[in-house]
Amino acid sequence: MKNFSKSTIYQIYPKSFCDSNGDGVGDIRGIIEKLDYIRSLGVDYIWSTPFFKSPMNDNGYDIEDYLDINPMFGNMEDVTELITEAGKRGLGIIFDMVFNHTSTEHEWFKRALAGEEKYMNYYIFRDGNADEPPTNWQSKFGGSAWEYVPSLGKWYLHLFDVTQADLNWDNPEVRNELKKVILFWKDKGVRGFRFDVVNLISKPEIFRDDEEGDGRRFYTDGPHVHEYLKELVADTGIEDMLTVGEMSSTCIDHCIRYTDPGEKELSMCFNFHHLKIDYKDGEKWELQRPDYDKLKDIFREWQLRMQEKNGWNAVFWCNHDQPRVVSRLGDEHKYWKESAKMLACSIHMLRGTPYIYQGEEIGMMNPHFDKIEDYRDVESINYYKILRESGKSKEEALHILGERSRDNSRTPMQWDNTKYAGFSEAEPWISLPEDREGVNVYDQEADEDSVLNFYRKLVKLRKEYEVIRDGSIEFIFDSVKEILAYKRVGEDGDILVLNNMSKDEVSLPQSIDMTGRKILLSNYDESRISGIDVLRPYECIVIQ
Ligand code: NOJ
């Protein structure tokens with residue numbers, strides 16, 4: 001298995017990245033137009049979320065045909081050109097493989113619905129009465145995880161939307177079909193794969209009610225998940241490609257197994273525990289202030305255990321499912337720039353492979369939509385109804401969506417300061433934030449001190465310093481809640497990474513003598529000559 005500690009990955013949500021044909025929706029040719037920009041960031045790979053044929057109920061995570069392109073985004077020629085043109089610029093393309101489920105529009109599911117036994121075995125059908133689902137499990141988008149099909153007298157399982165039917169991985173024919181998909185794209189020159197919610201693929205033998213939760217404890221990191229992943233990887237020969245698994249509600253022990261090179265499963269995985277520190281009692285739709293003690297505990301535990309046991313993390317704050325991190329953990333006003341840079345620094349210097357989600361590199365923020373009509377995401381729309389039914393007022397429900405909705409990260413990429421931010425000539429499929437002055441690529445290219453240029457420096461430092469890539473990690477100053485600080489220890493020397501996560505000045509428990517030390521990067525211009533005793537609001541410093 002190859003090591004990807006030197007790489008940085010740029011994530012694209014094609015629908016919102018760049019619209020080349022003026023229909024208000026981003027497309028593949030739009031990505032091609034922006035390849036030089038992506039290259040200028042210094043990143044090595046581009047992960048694009050799915051652009052395969054799909055009814056788009058979950059914006060492409062509901063796939064109708066894994067081997068065909070959604071005309072909304074372009075065609076096979078465009079995809080081939082994207083792979084080739086990216087390759088010329090030293091960029092590898094990572095495709096998103098949604099293998100836990102297909103769209104109910106997929107031919108396999110249609111044939112299952114028509115009663116063809118072969119295809120019924122591709123999915124998870126259970127007998128039952130129309131008024132009694134097989135279990136009480138809940139869909140991750142709200143409501144029951146089962147849907148009844150009257151013509152068959154059976155229920156099918158959908159852990160996500162009702163139009164996303166879970167595949168039956170216990171059926172070897174399903175596993176073989178999915179291997180063919182990998183081989184098809186590998187042959188076209190794709191250099192890596194991201195596997196969507198891949199730790200949910202192996203369901204338990206016996207389905208029973210969950211008296212304690214929504215059912216996830218029965219199918220998360222399920223009984224055969226490691227075996228199935230090993231088989232998929234070995235049979236498609238992708239051991240040395242970049243593979244990243246999206247792990248839903250996982251645990252460290254499993255992530256060690258997924259990513260220990262000796263296991264030959266995946267290069268790295270995403271987990272989301274650090275992004276739940278503002279969920280009240282673990283509930284996504286209940287707000288609370290971010291708990292920084294918890295955040296530090298989670299980073300410490302995951303970083304140290306993965307290091308000790310040879311696991312490898314994908315490190316990130318943002319993606320297409322998460323609100324913008326500056327709005328969430330930083331400051332949208334006075335310290336916008338400082339906090340955007342500090343958040344970048346705090347994550348990029350960790351042990352792991354960093355991901356940058358489109359717009360993060362210019363400090364994009366949540367759009368603060370104030371009406372339900374602004375929302376497009378299936379999960380947000382479902383939960384708005386659920387919140388209203390649970391007694392929340394319109395304002396309360398909208399406030400919660402404003403903080404939590406996945407649409408927060410799906411607004412168009414801000415390329416310049418024109419009406420539609422240079423994303424499109426036409427009105428975009430989803431609105432832009434109104435307040436976005438200076439938060440665009442054009443303005444930030446011209447400013448040496450911009451958030452954009454700070455990201456470029458972070459990516460470059462990783463290439464230059466072995467310690468950032470492969471050094472070990474130790475956490476320091478644990479007692480100060482607001483400070484996330486760590487030391488990286490490597491063969492080419494050590495570095496100290498200090499981040500003040502708060503808007504106040506914070507004293508260090510111990511002053512840092514700067515004699516013989518050098519600042520590699522910081523977000524305040526004034527240099528610290530003799531020593532460091534306090535960190536200014538949202539200050540970050542990397543010291544060699
Ligand atoms: C995780 C993806 O990131 C998300 O956008 C999608 O809705 C679910 N998996 C279901 O595929």
Side-chain angles (χ1 to χ4, degrees), residues 7-20 24-51 59-61 73-74 82 86 89 91-96 192 194 244 246 270 275 314-328 340 343-344 347-348 353-367 376-377 405-416 420-424 428-433 436 438-445 450-456 458-459:
S7 310
T8 302
I9 290 100
Y10 189 74
Q11 185 199 345
I12 290 182
Y13 196 66
K15 202 172 175 186
S16 303
F17 189 61
C18 178
D19 171 18
S20 73
V25 177
D27 45 51
I28 294 160
R29 301 216 68 82
I31 304 178
I32 298 173
E33 278 177 21
K34 298 294 183 186
L35 284 174
D36 286 332
Y37 165 75
I38 300 169
R39 180 64 208 145
S40 81
L41 300 173
V43 301
D44 307 275
Y45 288 88
I46 298 172
W47 150 36
S48 171
T49 61
F51 39 59
N59 276 349
Y61 281 94
F73 294 123
L82 172 67
R89 291 162 178 81
L91 293 164
I93 299 284
I94 299 175
F95 271 18
D96 207 322
R194 177 238 186 214
V244 53
E246 185 204 28
F270 294 116
L275 295 172
V315 290
F316 70 105
W317 287 122
C318 299
N319 69 23
H320 62 290
D321 294 330
Q322 298 293 330
R324 292 286 179 180
V325 72
V326 180
S327 303
R328 196 171 184 182
L343 288 162
I347 206 91
H348 277 246
T353 298
Y355 284 67
I356 303 170
Y357 174 63
Q358 66 181 49
E360 178 185 343
E361 76 277 23
I362 50 169
M364 275 179 65
M365 290 171 276
N366 290 347
R376 301 284 177 269
D377 175 31
S405 169
R406 306 193 298 179
D407 281 338
N408 282 315
S409 55
R410 297 177 180 184
T411 62
M413 175 69 185
Q414 293 163 196
W415 295 104
D416 61 30
Y420 298 131
F423 162 73
S424 175
W429 67 278
I430 186 169
S431 303
L432 289 139
R436 51 177 198 273
V439 191
N440 65 72
V441 173
Y442 181 83
D443 286 346
Q444 294 192 26
E445 284 286 10
S450 63
V451 176
L452 174 59
N453 282 316
F454 190 85
Y455 268 88
R456 288 186 169 126
L458 282 168
V459 176

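From a predicted model like this one, the values you see are computed outputs, not experimental measurements.
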To check you understand the geometry: which heavy-atom pair defines the closest contact between [X] and [Y], and what is its length?
X    : Y    : value
P367 : P433 : CA-CB, 3.8 Å
G24  : D19  : N-OD2, 2.7 Å
V325 : C318 : CG1-SG, 3.6 Å

Distance (rounded to the nearest 0.5 Å) between [X] [atom1] and [Y] [atom2]:
X    : Y    : atom1 : atom2 : answer
M364 : M413 : CE    : CE    : 7.0 Å
I93  : S48  : CD1   : OG    : 7.5 Å
I12  : L82  : CD1   : CG    : 7.5 Å
L91  : L41  : CG    : CG    : 9.0 Å
C18  : I28  : SG    : CD1   : 12.5 Å

Residues which pass ring-ring contact (aromatic ring centres under 6.0 Å, His included) with [X], listed by chain and number, not counting sequence neighbours:
X    : result
Y420 : none
F73  : none
Y455 : H348
Y442 : none

I'd like to check the side chain to side chain contact (heavy atoms under 4.5 Å, CB included) partners of [X]; sequence neighbours left out, ordered by chain and number.
X    : answer
A314 : V244, M268, F270, Y355
S431 : F369, D374
P323 : R328, N366, N408

Can you name the residues that form a salt bridge (charged side-chain N to carboxylate O under 4.0 Å, His left out) with [X], not counting sequence neighbours?
X    : result
E445 : R456
R324 : none
D377 : R406, R410
R376 : none

If only atom types and distance count, is the side chain of [X] paired as donor or acceptor with the main-chain N or O of [Y] below 3.5 Å?
X    : Y    : value
R89  : A86  : no
T353 : S7   : no
Q11  : I356 : no
S450 : Q444 : yes
S409 : H320 : yes
W317 : A344 : no
E360 : Q358 : no
W429 : K15  : yes

[X] versus [Y]: any side-chain heavy-atom pair under 4.5 Å?
X    : Y    : answer
Y37  : V441 : yes
V459 : T8   : yes
Y61  : P50  : yes
P14  : T49  : yes
V439 : M365 : yes
I46  : L35  : yes
F423 : Q414 : no
W47  : Y357 : no

### Query
Could you walk me through whether F51 and Y13 pass the ring pair (Phe, Tyr, Trp, His ring centres under 6.0 Å) check?
CA-CA 9 Å; F51 39 59; Y13 196 66; over 10 Å; no

#### Entry: Contacts of E246 that satisfy side-chain hydrogen bond (donor to acceptor under 3.5 Å, both in side chains) - sequence neighbours left out
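So E246 forms a side-chain hydrogen bond (donor to acceptor under 3.5 Å, both in side chains) with R194.
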
Answer with yes or no whether the side chains of [Y] and [X] bring together a donor and an acceptor at under 3.5 Å.
X    : Y    : answer
N440 : W415 : no
Y10  : D44  : no
D27  : S20  : yes

